[in-house]
2 protein chains.
Amino acid sequence: MAKTAALPPLVHPAREEITVEGVLRALADPVRLAIVRQLAATDQEIACGGLTVPVTKSTLTHHLSILRQAGVVAGRQEGTTRFNSLRRNDLDALFPGLLDGVLAAPR
Amino acid sequence: MAKTAALPPLVHPAREEITVEGVLRALADPVRLAIVRQLAATDQEIACGGLTVPVTKSTLTHHLSILRQAGVVAGRQEGTTRFNSLRRNDLDALFPGLLDGVLAAPR
DNA sequence: GTCGTAGTTCGACGATCACCGTACTAAGCC
DNA sequence: GGCTTAGTACGGTGATCGTCGAACTACGAC
């Protein structure tokens, strides 16, 4: 049948749907924090394969899914590649200072 | 024998010992977030019994212990009463904006 | 002394979570 | 067509977590 629009269900919460607790929960994991730091450091999209994390692909997918559902990162599909970016605007608007405070941390 | 100094084992991490991840983990729970919000709202010490949370005393003790170990709250013993306060200075110094961002959240 | 109050400690239980390997789909290239 | 690469979906497992009740300690008042 109509074949296309193949991929992108890719659900993201609207800005109003993002909760502090969800964001905190998402950030409260070393792997996910590392992902967020990398996204924040480059300030541009990074494909899954471009992220440096000490877990397997399936676990990485899991973490990205959590970050996406929490509203921390956005995903954009292009071919077989999924580009991830930080939803800095939304987070700064909702919780001003939170992200910067986290990223300002010593490590 | 030497009778006193009865109280304060009560370990708190030094400011340098506080980690972002620990703080995020501590805040990533509805009950603990409620505790922090109450402490921030009154901006003064609150005894365990003065906190309004939907859990039993033993669970409350557990949550306060986690918050204390993470460096989010400080505990001061006085008689049988334990007074808890937010370590706002330390948190603001380490992660400027983090706490305010969390507290600024809609709910 | 006895009693009540404030809070902690100790299991224990159920739920959630992070992690993995395997199997799978989709796109691009030969 | 077949092959490879990018990433997801599906169990499954072991660990951690939030919760509770019961037993306990410490202080204060009577």
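Within every chain, numbering begins at 1; the chains are lettered A, B, ... in the order of the sequence lines, protein sequences first and strands thereafter.
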(request) Using atom CD of B:Gln77 as one end and atom P of D:dC27 as the other, report the distance to the nearest whole Å. (result) 8 Å

(message) Minimum heavy-atom separation for A:Leu103 and A:Arg37, please, with both atom names.
(response) CD2-CG, 4.0 Å

(request) Figure out the CG/C1' separation between A:Leu51 and D:dG7, and round it to whole Å. (result) 12 Å

(message) Whether the side chain of B:Arg32 engages the backbone of B:His63 through a donor-acceptor N/O pair (distance < 3.5 Å, no angle test) should be reported.
(response) no

(message) In the structure I gave you, are the side-chain heavy atoms of A:Leu33 and B:Leu24 within less than 4.5 Å of one another anywhere?
(response) yes

(request) Would you mind reading off the distance between A:Leu24 atom CG and D:dC17 atom P, rounded to a whole angstrom? (result) 16 Å

(message) Starting from B:Ile66, can I reach B:Ile18 by hopping between I/L/V/M/F/W/Y residues whose side chains sit under 4.5 Å apart?
(response) no

Could you pull out the protein-nucleic contacts involving nucleotides 4-6 of chain D (nitrogen or oxygen on both sides, under 3.5 Å)?
| residue | atom | partner | partner atom | Å |
| --- | --- | --- | --- | --- |
| D:dA6 | O4' | A:Thr80 | OG1 | 3.1 |

(request) Please report the shortest heavy-atom distance between A:Cys48 and A:Leu64, naming the atom on each side. (result) SG-CD1, 3.6 Å

(message) In this structure, how many angstroms lie between the P atom of C:dA27 and the CZ atom of A:Arg76, rounded?
(response) 15 Å

(request) Taking the side chain as every heavy atom from C-beta outward, state whether A:Leu27 and A:Leu98 have any atom pair closer than 4.5 Å. (result) yes

(request) Using atom CG of B:Leu67 as one end and atom P of C:dT8 as the other, report the distance to the nearest whole Å. (result) 12 Å

(request) Have a look at B:Pro13 and tell me which of B:Arg87, B:Gln69, B:Arg68 forms a side-chain contact (heavy atoms from CB on, under 4.5 Å) with it. (result) B:Arg87

(message) Generate the contact string for nucleotides 16-22 of chain C. Rules: B means base contact, S means sugar-phosphate contact only, - means no protein heavy atom under 4.0 Å.
(response) -SBBBB-

(message) Using only atom types and a distance under 3.5 Å, with no angle test, would you say the side chain of A:Arg76 pairs donor to acceptor with the backbone of A:Phe83?
(response) no

(request) Write down the distance between CD (A:Glu21) and C1' (D:dG18), rounded to a whole number of angstrom. (result) 12 Å

(request) Answer yes or no: is there a donor N or O on one side and an acceptor on the other, between the side chain of B:Ser65 and the main chain of B:Thr61, under 3.5 Å? (result) no

(request) Mind calculating the distance between CG (A:Leu60) and C1' (D:dG7) to the nearest angstrom? (result) 9 Å

(message) Between C1' on D:dT16 and CD on B:Gln69, what's the gap in Å once rounded to a whole number?
(response) 14 Å

